[in-house]
Amino acid sequence: MSHELPKTYDPGAIEVRWAEYWVREKLFSVETPQPGSAEASPPIFTLLLPPPNVTGRLHMGHMLNQTEMDIIIRWRRMRGFLTLWLPGTDHAGIATQMMVERQLATEGKSRQQLGREAFVQRVWEWKKHYGGAIQAQMKRLGASVDWDREYFTMDENLSRAVIECFVRLHEEGLIYRGKYIVNWCPRCMTAISDLEVVHEDTLGKLYQIKYPLADDPKQFLIVATTRPETMLGDTAVAVNPKDKRYEKLVGKKLRLPLMDREIPIIADDFADPQFGSGAVKVTPAHDPNDFQIGLRHNLPQVNIMDEQARINENGGRYAGLDRYEAREKVLRDLEERGLLAGIKDHAHAIGKCDRCKTIVEPRLSTQWFVKIQPLADRAIAAVEKGEIKFTPENYAKTYFEWMRNIHDWCISRQLWWGHRIPAWHCDCGEITVARAAPAKCAKCGSAKLTQDADVLDTWFSSGLLPFTVFGWPEKTRDLDVFYPTTLLITGFDILFFWVARMIMLGCHFMAGHPQGSVPFQNVYIHALVRDADRQKMSKTKGNVIDPIEVTEKYGTDAVRFTLASMASPGTDIAFSEGRTEGYRAFANKIWNAARFMFMNLDRASGVRPGNAAAPGGLDRLEDRWIFSRFYRVAGEVNEALEAYRFDEAANSVYKFFWGEFCDWYLELIKPRLSAEGPEAAKALALLSRLFEGALRLLSPFMPFITEEVWQAMYEGQPPAKSIALVAYPQLEQKWLNDAAEEEMAVLQELIVNIRNMRAELKVEPKVKTPVKIHAEACVEKLVEENRGMLERLANVEKIEFVSESLAKVAGARTTPKFEAALVYERKVDVATERERLNRELTRAEAQFANLERQLANEQFLSKAPAHVVEGMRKQAAELKLLSEKIRRALENLG
RNA sequence: GGGCGGUUAGCUCAGCUGGUUAGAGCGCCUGCCUUACAAGCAGGAGGUCCACGGUUCGAGUCCGUGACCGCCCACCA
């Protein structure tokens, strides 16, 4: 049987095949280990996929996120952990509702026409048809999640858990209902939380308006506002109690212009004497600060707008106008009456709806809130105590910053799609919070109860996921085994939305869990993926890179490797296709190296990977060297992944495979492979064993190509169903060989110098006669001992090592370790060589002088550590020798 | 208004606790179709590490100030 690997590497062809295989064979499905099972249970590693919106399609951020998670989880799995990576999707209240409403609009319908029940039904249908896009994409990308455990946040069991949490929080007094100023989106027509408001710096106007005194209309108090239309709802003007200017006015009345109402002048600390005139208009129903003032002074709350931010009947003749139309008219009318005292440019931040960018309206309305402080306190403590570790650590600071300034969380949404609030209203005014609809009102006994119309903020349910996915509130085995999850990998954009909420809710509901209440023990926060010009990707800019597109162009492995190699903490990733092209080349390199191996395996049947020698049996330098390198790199990669340094891990393995294994080892081993007999068989065994190890090392980063090659190596009888299920290489001391690495380094340097010499001297490459090289005494022995190994290179490079030192030397390369001279009788570019040698000499002398100066410095000698001083001394000596050698070489040039 | 991050080769970025000659990929230049790979091989050029000041025997690395770029948070009209 021979190993089939097509000549050209075509990622598309192999990736789809393995992606399907992994899913079909359920390779990443996990059975919950039962207690008391005989064999020692492996360490558990649990990872929760940040659930993408059902409406979602995969974008570059997802791909980075999933690549990182997949690398970690594949690595842990290969390291012997019982790994559970749990996938799911989020019902995404507003986003999904908007999507379906848009679809309805194309049919000329509105959700109101449909009615609530039919609309929700419609959303479910929509979900069934279009909701699976992102999972399909994930499968294509090979994410090694447990698809058998996939969840949806509106699944029945999860919904039940959400209700349970709500009811319990309410019972504990941590959820309350009240009439407050909330952020209201007049387009979505729902309340939104503080986090869903994005602030945008805008250059607006500050208007100064004259409010006449009621008993003396000739006198005015000037107030300043950015929102003149809200004056229609003013119920007071406040001045600072310490403000001498207005002392006598406090308690008097003003006549509110345009509305013809009298409002009091009150004293409140909120008024800043430094700002404007020091008097501030108070609109309790349309400004959060004014709302507070209103409460302190028992002011009426006049709501002047409807849910679409149009002026309502309380706005007198402005009723029916949109808020901005009203502003214009109010300003015109004030102007007409000579009450507009001034207009100034004014920079301020304006709040917009995160979803639709409509300017948010502070609106007085009755909503449900979570009393957040007690939850936040515990969440802060958990991170302070180190029960949760952030990487990069910096994010803990951001987290604390937010947590310590947190406000109560408005969790009710005036939407139809979502978890409906488990509260029932009776006409008598009684509200009952319960797990199921009560039969009758507890207060008046009426059976006519209606469920609260609102649904919960999407983030309320996703904040519960770390325990609800494991069956909470039941006491399940899953909860015992998999909670708390080990790691969370996510972007900083949902640090507050999701991460912080999970911590608060997890700490609360899972308090007392034997393995800790926190929802996860580690959080790794990754950066943003930007375009090649470091611009944020956005649909409007049209610079969105579709991961599926680049994947189809370069292969998933190449895209994954790009993301991993660029994922250094704290820096955003500027995704450039050039880089991906480079990593496709890397995959191609792996492919061709594999073909080379297979070519040899096919020729010498019977050799299997894995039946190679022990360290002691490596009698050749290059073998000792490459094994030592392999295990050292394995150590580096493990260490890097331990610290989430995907970039370092990827780069180490890249450099090893290409720069050492392919560039050097494969070349060195060629003559042995083409030899006959046991020598070739042994070389082949070593080669295939190394290759197999390298594939395992690479597998978490490039799961597809490594699977393809690995499976091919075993001719249909692999030792496991997948490379993903075999052990990950680790540092093994017994294979490390410092001497071999040092000796090899010298030989590599020698070869590089020879090549360099030839290139610079423009020795014709096609000469049949080898160029003679004399290596100096110190490496002569090394060269002699490894003649066989160097043969291949010598042959290709057409060089020959000679022991006799020849008089006529055309070139020389000198390093601290050796001197190599090129002995060449034919024409060489003497002038160029002289120039080069002179340059070298100047540099060596300058460096030497530098070191001399340092070494003459007593301060340095007494304070610097011995090894540094020693190193410098050695180097100085070598440089001195080097200078001499170069001078001699110059003389020899003639 | 508060907080955070960045500035290193033409481009995109590494550089861990300060220590001998600051690295990689891409791009560029030169030479090679050397029977695994031209998506390749070999060689090369290219950096006053944003500026100034300080600490130190020694600073890309630590401290301070400033400049520029970016991000997050924020109920002062």
Side-chain angles (χ1 to χ4, degrees), chain A residues 5 7-9 181 183 194-195 199 206 223-227 230 238 270-272 275-276 279-283 287-292 346 348-349 351 362 394-395 397-398 401-402 405 407 492-493 495-496 528 532-534 536 554 562 565-566 568 570-579 581-600 643 645 647-648 651 654-655 659 662-663 666-667 670 752 755-760 762 764-766 795-798 843 847 850-851 854 857-865 867-869 871-872 874-876:
Chain A
L5 220 50
K7 189 163 159 46
T8 37
Y9 165 59
I181 294 270
N183 304 296
D194 294 347
L195 278 178
H199 295 272
L206 187 67
V223 297
T225 180
T226 53
R227 304 199 53 203
T230 61
F270 175 79
D272 176 3
F275 191 95
V280 57
K281 65 195 262 320
V282 183
T283 323
D287 181 282
N289 289 309
D290 295 4
F291 176 76
Q292 292 301 332
H346 183 70
H348 62 134
N394 233 345
Y395 282 103
K397 265 168 100 175
T398 313
E401 186 75 16
W402 186 75
N405 297 298
H407 298 290
F492 62 80
D493 49 330
L495 182 59
F496 307 138
L528 214 65
D533 302 319
R534 312 202 94 266
K536 220 171 179 168
Y554 300 102
T562 308
S565 70
M566 296 187 82
S568 42
T571 321
D572 287 345
I573 294 175
F575 189 89
S576 69
E577 286 197 24
R579 197 78 185 241
E581 226 169 295
Y583 291 121
R584 180 187 54 182
F586 179 50
N588 188 54
K589 189 78 183 173
I590 299 171
W591 188 262
N592 282 294
R595 287 181 53 237
F596 172 74
M597 171 181 65
F598 288 146
M599 204 180 80
N600 286 286
R645 289 303 303 259
D647 56 331
E648 285 180 358
N651 291 332
Y654 175 94
K655 276 190 212 157
C662 288
D663 287 350
L666 290 188
E667 294 305 324
K670 275 176 183 175
V752 167
R755 287 170 179 163
N756 166 284
M757 222 183 316
R758 297 176 50 110
E760 291 240 336
K762 303 207 164 47
E764 310 94 281
K766 288 187 180 169
N795 189 33
V796 170
E797 310 276 342
K798 302 211 170 47
R843 216 176 70 183
Q847 237 180 79
N850 232 328
L851 288 172
Q854 277 258 35
N857 184 337
E858 297 213 0
Q859 298 262 43
F860 170 72
L861 292 179
S862 61
K863 289 190 178 168
H867 74 273
V868 173
V869 178
M872 278 197 187
K874 217 175 124 197
Q875 203 205 350

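Letters A, B, ... are given to chains in the order of the sequence lines, protein chains preceding strands, and every chain is numbered from 1.
Closest to the side chain of A/A593, from the set B/rA36, B/rU20, B/rA74, is B/rA36. With B/rU12, B/rC72, B/rA36 as the candidates, the nucleotide lying closest to the side chain of A/F492 is B/rC72. Set against B/rA36, B/rG40, B/rA39, the side chain of A/A585 has B/rG40 as its closest nucleotide. In the set B/rG19, B/rA39, B/rC73, B/rC73 carries the atom at the smallest distance from any side-chain atom of A/F496. If you check B/rG25, B/rA74, B/rC41 against the side chain of A/W402, the one that comes closest is B/rA74. For A/N592, the listed nucleotide lying nearest its side chain is B/rC37; candidates were B/rU21, B/rC75, B/rC37. In the set B/rA42, B/rA36, B/rG25, the nucleotide with an atom closest to the side chain of A/L666 is B/rA36. Proximity note for A/D272 (side chain, C-beta onward) versus B/rC76, B/rU12, B/rC37: the nearest is B/rC76.
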Please list, for nucleotides 43-48 of chain B, all pairs of protein and nucleotide N/O atoms separated by less than 3.5 Å.
unit_1, atom_1, unit_2, atom_2, d
B/rG43, O3', A/N756, ND2, 3.3
B/rG44, OP1, A/N756, ND2, 2.7

Are any protein N/O atoms closer than 3.5 Å to N/O atoms in nucleotides 14-18 of chain B? If there are, list each pair with its distance.
unit_1, atom_1, unit_2, atom_2, d
B/rA14, OP1, A/S568, OG, 2.8
B/rA14, OP1, A/T571, OG1, 2.4
B/rA14, O5', A/S568, OG, 3.2
B/rG15, OP1, A/R645, NH1, 3.4
B/rG15, OP1, A/R645, NH2, 3.1

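Under the rule for a side-chain hydrogen bond (donor to acceptor under 3.5 Å, both in side chains), the partners of A/Y554 that lie at least two apart in sequence or sit in another chain are A/E577. For A/Y654, the ring pair (Phe, Tyr, Trp, His ring centres under 6.0 Å) test picks out A/Y583, A/F586, A/W658, with sequence neighbours left out. Every residue two or more places apart in sequence or in another chain that forms a side chain to side chain contact (heavy atoms under 4.5 Å, CB included) with A/Q859 is listed here: A/N857, A/K863.
For the pair A/N588 (side chain) and A/R584 (backbone), a donor-acceptor distance under 3.5 Å is absent.
Summarising the geometry, the separation between OH on A/Y395 and C1' on B/rC71 is reported as 9 Å, rounded to the nearest angstrom. Between A/F596 atom CZ and B/rU34 atom C1' there is a gap of 13 Å when expressed in whole angstrom units. Distance, A/L195 CG to B/rA74 C1': 12 Å, rounded to whole Å. Atoms CG (A/D493) and P (B/rG70) sit 20 Å apart, rounded to a whole Å. Between the CD atom of A/E581 and the C1' atom of B/rC37 there is a distance of 16 Å, given to the nearest Å.
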| task | Applying side-chain contact (heavy atoms from CB on, under 4.5 Å), run through A/W591 and A/T8 and close with a yes or a no. | result | CA-CA 8 Å; A/W591 188 262; A/T8 37; 5.8 Å; no
| said: Could you go through A/F270 and A/Q292, starting from their C-alpha distance and side-chain angles, then the distance that decides it, and tell me whether this counts as side-chain contact (heavy atoms from CB on, under 4.5 Å)? | reply: CA-CA 10 Å; A/F270 175 79; A/Q292 292 301 332; over 6 Å; no
| message | Go through it in stages, so that I can follow the logic: the residues are A/T230 and A/K281, the test is side-chain contact (heavy atoms from CB on, under 4.5 Å), and I'd like the CA-CA distance, side-chain angles, deciding distance and then a yes or no. | response | CA-CA 9 Å; A/T230 61; A/K281 65 195 262 320; 2.7 Å; yes
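The phosphate of B/rG3 (OP1 or OP2) has no side-chain N or O of A/K397 nearer than 4.0 angstrom. For A/H199, no side-chain nitrogen or oxygen approaches OP1 or OP2 of B/rC72 to under 4.0 Å. Listed pair A/K670 / B/rU34 fails the phosphate criterion, with no side-chain N or O lying under 4.0 Å from OP1 or OP2. Between A/H407 and B/rC75 there is a side-chain N or O to OP1 or OP2 distance below 4.0 Å. The phosphate of B/rG5 has OP1 or OP2 within less than 4.0 Å of a side-chain N or O from A/N394.
Among the atoms of the strands shown, none is found under 4.0 Å from any heavy atom of A/F586. Residue contacts for A/R595: at a heavy-atom cut-off of 4.0 Å it reaches the sugar-phosphate backbone alone, with no base atom in range. Counting any heavy atom pair closer than 4.0 Å across all strands shown, A/A271 reaches a base atom. If you check every strand for non-hydrogen atoms under 4.0 Å, A/P865 touches a base. No engagement by A/T398 is indicated, since no non-hydrogen atom pair under 4.0 Å with the nucleic acid exists. A/K281 comes within contact range of no nucleotide atom at all, as no heavy-atom separation falls under 4.0 Å.
Scanning atom types as modelled, one donor and one acceptor separated by under 3.5 angstrom connect the side chain of A/K589 and the base of B/rC37.
Across all their heavy atoms, A/I181 and A/P362 have their closest contact at CG2-CB, 3.7 Å.
Secondary-structure stems of RNA chain B, taken as three or more successive Watson-Crick or G-U wobble pairs (i with j, i+1 with j-1) under a 3.5 Å distance threshold, comprise B:1-7 with B:67-73, B:10-13 with B:23-26, B:28-32 with B:40-44, B:50-54 with B:62-66.
Using atom C1' as the reference point in both B/rG46 and B/rU61, the two lie 23 Å apart (nearest Å).
Toward the 5' end of RNA chain B, the nearer of the two residues A/A349 and A/L861, judged by each one's closest nucleotide, is A/L861.
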